[in-house]
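I have placed the structure first, in the form of structure tokens, so that the comments after it can refer back to it.
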Amino acid sequence: MSTKSIITPSIPLRLYNSHSRALEVFTPMDADNIRLYFCGPTVYDRVHLGNLRAMLCADVLVRLLKARYETVTYVRNITDIDDKIIARARDNHEDIDALTARTTKEFHDDLNALSIIAPDIEPRATQHIGDMLAMISSLIAHNHAYEAEGHVLFDVHSFDSYGALSGRSLEDMQAGARVEVAPYKRNPGDFVLWKPSAEDEPGWESPYGRGRPGWHLECSAMSQRYLGPSFDIHGGGNDLLFPHHENERAQSLCCTPDSAFARHWLHVGMLLCNGEKMSKSLGNFHTIHKALEHAPAEALRLLYLGSHYRSTLDFSWEKLDEARRIMDRFYRALEKTPPRSNSAVPHPVQEALCDDLNTPLAIAELHKYADGAMNGQQEDADSLYAAGRLLGLFGLTSSEWFQGDVSLDTETINALINQRLEARKAKDFAKADEIRAHLTEQGILLEDTPNGTTWRKA
RNA sequence: GGUCCGGUGGCAGAAUGGCGAUGUAGCGGACUGCAAAUCCGCGUAUGUGGGUUCGAUUCCCGCCCGGACCUCCA
């Protein structure tokens, strides 16, 4: 069954465009095919909770778009050639291909565990070297790029609109330049399109010698190949706004001056850890893998949905625990009143999501439906479930949520529950409590109800 | 230093030119052998100083504080 029937396409979708710095009503270039591009990972290490934020934001956006439009083409790249990859492979004494293949698989595993919707196309940089060289050639031909000491550099002064996306001028940036400027650059802001590779580094033959592409070029080449020179939405973490997206935009617009490149730019706020940006270079990161040992995937998803994508989110294990308790309540409500499938997503939730993906407001609505479902209201249960499904929640049954992955087998648990019931019948509460405490130690919580004793994992 | 974003109860987090959601934590109660869950009830918040306005948490300015970016970053 199509999701179209559960959504109201007439509600306007407003998204914040970081280029114009304003909320804009999203109007597709081609309503029959929405095209969006998100920057994916550089595959040299496991993705962490900060990386997850942009992936999850894209996930919610794509789910909403796919519910509203016939066809959505979602491209998310894999950066599999990069200096950090080379360095890590060297440190690990590992073959580069083995490192990127392994890390890519871990990336997919982590995202699958979170039910992150897969991109329709997931291109790899190393498979598009030809596209990149063609762009370089075009940029040189139009005097937007120049060769210097085996490098090819983009000339930022050749593009009048350079800095327009990130809202900064070349003068401002030079004032704060903190990195040593390579002597072969005409301007400090010029960035590498192609750089030479040493003997022991991966490289491709090119008119400029054996080398490899600069980081920004791959996204320009791959977005153009799969989405065309102009497409609807380009997104990523807001730390990519400058220089990555600024440079992508410069390259792409200089290659295809009549195009719009990305019409709508979406940037996701940073995840902090103890008040500081979570990043690999700071070393204050937690991997998705580790977080999933601490709490179920949907608790992690709910934690992220609980804050707006553009605001910073200060991660803590306590907040993850809280999200877990909220999911407990939601699943309990669905257990109390099992929902019917294919119900319409309630309007308040749609309105919230269409208002720049206001997931915290949408979640607040879910609590109201949970109250109703807890009280036996069928329509509230249906609403809760439909809204949650749109947000990527409720992929499990209640019994899977409460009783999945426990250390004890069901027979043992039930036998102990029966022993405890006997003890309670005999008013031997000391023994009953002892059995309950024993189970609690094993991560099993008992709940006495009028209909008998049930259990769930702690 | 330059550019930008933000500061709402213990915590998280919406919204709004005039009643400041929701959740979580806390407290009290019902229920329970005791718990758990559930239900009922309670409390506490718009960083600071000005301005505009009949009225500002919301709009404007200064200040303080926090974070991001300034060519590694989601």
Side-chain angles (χ1 to χ4, degrees), chain A residues 18 21 38-42 44 47-58 82-84 87 156 163 166-169 171-182 185 188-192 214-216 235-244 246-247 267-272 275-282 285 302-303 306-308 310-314 316 318-319 321-323 325-326 328-329 332-333 335-336 352 355 358-368 370-371 374-375 424 427-430 432-433 436-437 440 445-450 453-456 458:
Chain A
S18 40
R21 293 185 195 176
F38 265 76
C39 293
T42 301
Y44 70 101
V47 284
H48 61 65
L49 295 178
N51 304 125
L52 175 61
R53 189 125 193 255
M55 302 295 126
L56 190 54
C57 174
D82 175 88
D83 286 1
K84 278 183 299 217
V156 292
S166 57
R168 57 189 80 201
S169 66
E171 298 74 52
D172 288 344
M173 287 183 275
Q174 285 167 26
R178 64 175 183 183
V179 171
E180 199 178 337
V181 176
K185 288 187 180 183
D190 291 353
F191 56 91
V192 170
W215 172 39
H216 316 295
N238 72 9
D239 53 353
L240 296 184
L241 180 55
F242 188 89
H244 185 55
E246 190 70 60
N247 292 353
H267 287 97
V268 182
M270 291 294 102
L271 185 88
L272 309 184
E276 239 186 351
K277 176 180 168 183
M278 184 180 287
S279 72
K280 288 175 185 171
S281 46
L282 281 175
F285 64 92
L302 186 75
L303 167 62
S307 73
H308 186 82
R310 279 194 285 123
S311 63
T312 50
L313 167 57
D314 202 349
S316 73
E318 290 72 25
K319 288 173 191 169
D321 288 336
E322 181 181 327
R325 287 192 291 272
I326 294 169
D328 279 345
R329 183 174 161 82
R332 208 181 300 278
E335 190 174 47
K336 185 77 186 295
D355 184 12
N358 192 341
T359 52
L361 190 55
I363 297 297
E365 292 296 324
L366 260 59
H367 286 287
K368 298 179 192 170
D371 288 344
M374 200 72 85
N375 193 31
R424 291 180 70 206
K427 303 277 185 198
D428 185 356
F429 295 121
D433 289 349
R436 185 169 61 192
T440 302
L445 285 185
L446 298 188
E447 297 183 353
D448 297 325
T449 75
T453 297
T454 61
W455 65 272
R456 63 182 170 95

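None of the values given here were measured: they were computed from a predicted structure. Numbers restart at 1 for each chain; the letters A, B, ... are given by sequence-line order, proteins then strands.
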- prompt: When you compare B/rA56 with B/rC61, how far apart are their C1' atoms, in angstrom units rounded to a whole number?
  reply: 15 Å
field: Among B/rA74, B/rC34, B/rA37, the nucleotide that comes nearest once only the side chain of A/R456 is considered
entry: B/rA37
- prompt: Just by distance, do the side chain of A/N51 and the backbone of A/H48 share a donor-acceptor pair under 3.5 Å?
  reply: yes
message: Nearest heavy atom decides the nucleotide; on that basis, is A/L313 or A/H48 closer to the 5' end of RNA chain B?
response: A/L313
task: Keeping the roles fixed (side chain from A/D448, backbone from A/T453), state whether a donor-acceptor pair exists under 3.5 Å.
output: no
task: Please state how far atom CG in A/D328 lies from atom P in B/rU38, giving the value in whole angstrom units.
output: 9 Å
task: Describe the nucleic acid contact of A/L241 in one word from base, sugar-phosphate, nothing, applying a heavy-atom distance below 4.0 Å.
output: nothing
Below 3.5 Å between N/O atoms, which protein atoms pair up with nucleotides 19-24 of chain B? Just atom names and distances, please.
unit_1, atom_1, unit_2, atom_2, d
B/rG23, N2, A/E322, OE2, 3.3
B/rU24, O4', A/E322, OE2, 3.4

- request: Select base, sugar-phosphate, or nothing to describe what A/F429 touches, counting heavy atoms under 4.0 Å on all strands.
  value: base
message: Between A/D371 and A/R329, does any side-chain N to carboxylate O distance fall below 4.0 Å?
response: yes
message: Is it the case that B/rC34 (base atoms only) and A/D448 (side chain only) share a donor and an acceptor within less than 3.5 Å, ignoring hydrogens and angles?
response: yes
- prompt: Does A/R436 get its side chain close enough to the base of B/rA35, under 3.5 Å, for a donor-acceptor pair?
  reply: yes
- request: Give the rounded distance in Å between these two atoms: CZ of A/R21 and P of B/rG6.
  value: 11 Å
- prompt: Across the strands shown, which category fits A/G306 at heavy-atom distances under 4.0 angstrom: base, sugar-phosphate, nothing?
  reply: sugar-phosphate
field: OP1 or OP2 of B/rG13 under 4.0 Å from side-chain N/O of A/N358
entry: no
query: Taking CG from A/L282 and P from B/rA74, how many angstroms apart are they, rounded to a whole number?
result: 13 Å
query: Taking CG from A/N51 and C1' from B/rA74, how many angstroms apart are they, rounded to a whole number?
result: 5 Å
- request: Choose from B/rG13, B/rG33, B/rA74 the nucleotide whose nearest atom is closest to any side-chain atom of A/R424.
  value: B/rG33
message: In whole Å, I'd like the distance from the NE2 atom of A/H267 to the C1' atom of B/rG6.
response: 18 Å
Upstream residue (5' side of RNA chain B) when A/G236 and A/H216 are each assigned their closest nucleotide: A/H216
- prompt: Using atom C1' of each nucleotide, how far apart are B/rC60 and B/rG17 to the nearest Å?
  reply: 14 Å
query: Expressed in angstrom and rounded to an integer, what is the separation of A/M278 atom CE from B/rG67 atom C1'?
result: 15 Å
message: Within this structure, what is the CG-CZ distance for the pair A/L313 and A/R53, rounded to the nearest 0.5 Å?
response: 4.5 Å
task: Once you apply the 3.5 Å cut-off to both distances, tell me the Watson-Crick or G-U wobble partner of B/rU3, or none.
output: B/rA68
query: Just by distance, do the side chain of A/D314 and the backbone of A/G275 share a donor-acceptor pair under 3.5 Å?
result: yes
task: Sticking with atom P, work out how far B/rC42 lies from B/rA21, rounded to a whole angstrom.
output: 13 Å
- prompt: Nearest to the side chain of A/K319 - B/rU38, B/rA68, B/rC11?
  reply: B/rC11
- line: Answer for the Watson-Crick or wobble partner of B/rA14, both distances under 3.5 Å, is none
message: What is the separation between atom CG on A/D428 and atom C1' on B/rC34, rounded to the nearest whole Å?
response: 14 Å
message: Strictly by Watson-Crick or wobble contacts shorter than 3.5 Å, is anything paired with B/rC59, and which nucleotide is it?
response: B/rG51
- request: Determine the contact category for A/H244: base if any of its heavy atoms lies under 4.0 Å from a base atom, sugar-phosphate if only primed atoms, P, OP1 or OP2 are that close, otherwise nothing.
  value: nothing
message: Given B/rA14, B/rC39, B/rG13, identify the nucleotide with an atom nearest to the side chain of A/M374.
response: B/rC39
message: Applying a 4.0 Å non-hydrogen cut-off, can you work out what A/G235 is touching in the nucleic acid: base, sugar-phosphate, or nothing?
response: nothing
task: Please state the P separation for the pair B/rA36 and B/rC27 - nearest whole angstrom.
output: 12 Å
B/rU53 versus B/rC69 - spacing of their P atoms, nearest Å: 42 Å
query: When you compare B/rU46 with B/rU8, how far apart are their P atoms, in angstrom units rounded to a whole number?
result: 11 Å
- prompt: Which nucleotide in the list B/rG13, B/rA74, B/rU38 gets nearest to the side chain of A/S307?
  reply: B/rG13
query: Quick check: does any side chain N or O of A/D355 sit under 3.5 Å from a backbone N or O of A/N358, one acting as donor and the other as acceptor?
result: no
task: Look at the side chain of A/D433 and the base of B/rG33, then say whether one donor and one acceptor between them are separated by less than 3.5 Å.
output: yes
query: For the pair made of NZ in A/K277 and P in B/rG66, what is the distance, rounded to whole Å?
result: 19 Å
task: Using a strict 4.0 Å threshold on nitrogen-to-oxygen distance, state whether A/R332 and A/E335 make a salt bridge.
output: no
query: In terms of the angle between their ring planes, are A/H216 and A/H244 parallel, tilted or perpendicular, with boundaries placed at 30° and 60°?
result: tilted
- request: Just name whichever nucleotide pairs with B/rG26, Watson-Crick or G-U, keeping both distances under 3.5 Å, else none.
  value: B/rC42
task: Could you measure between the two P atoms, the one in B/rU3 and the one in B/rC11, and give it in whole Å?
output: 32 Å
query: When you check the gap from the basic side-chain N to the acidic O, do A/D328 and A/R325 get nearer than 4.0 Å?
result: no
Reported CZ-to-CD distance for the pair A/R456 and A/E447, which is rounded to 0.5 angstrom: 4.5 Å
message: Can you check the distance between B/rU57 and B/rC19, where both ends of the measurement are the C1' atom (answer in whole Å)?
response: 14 Å
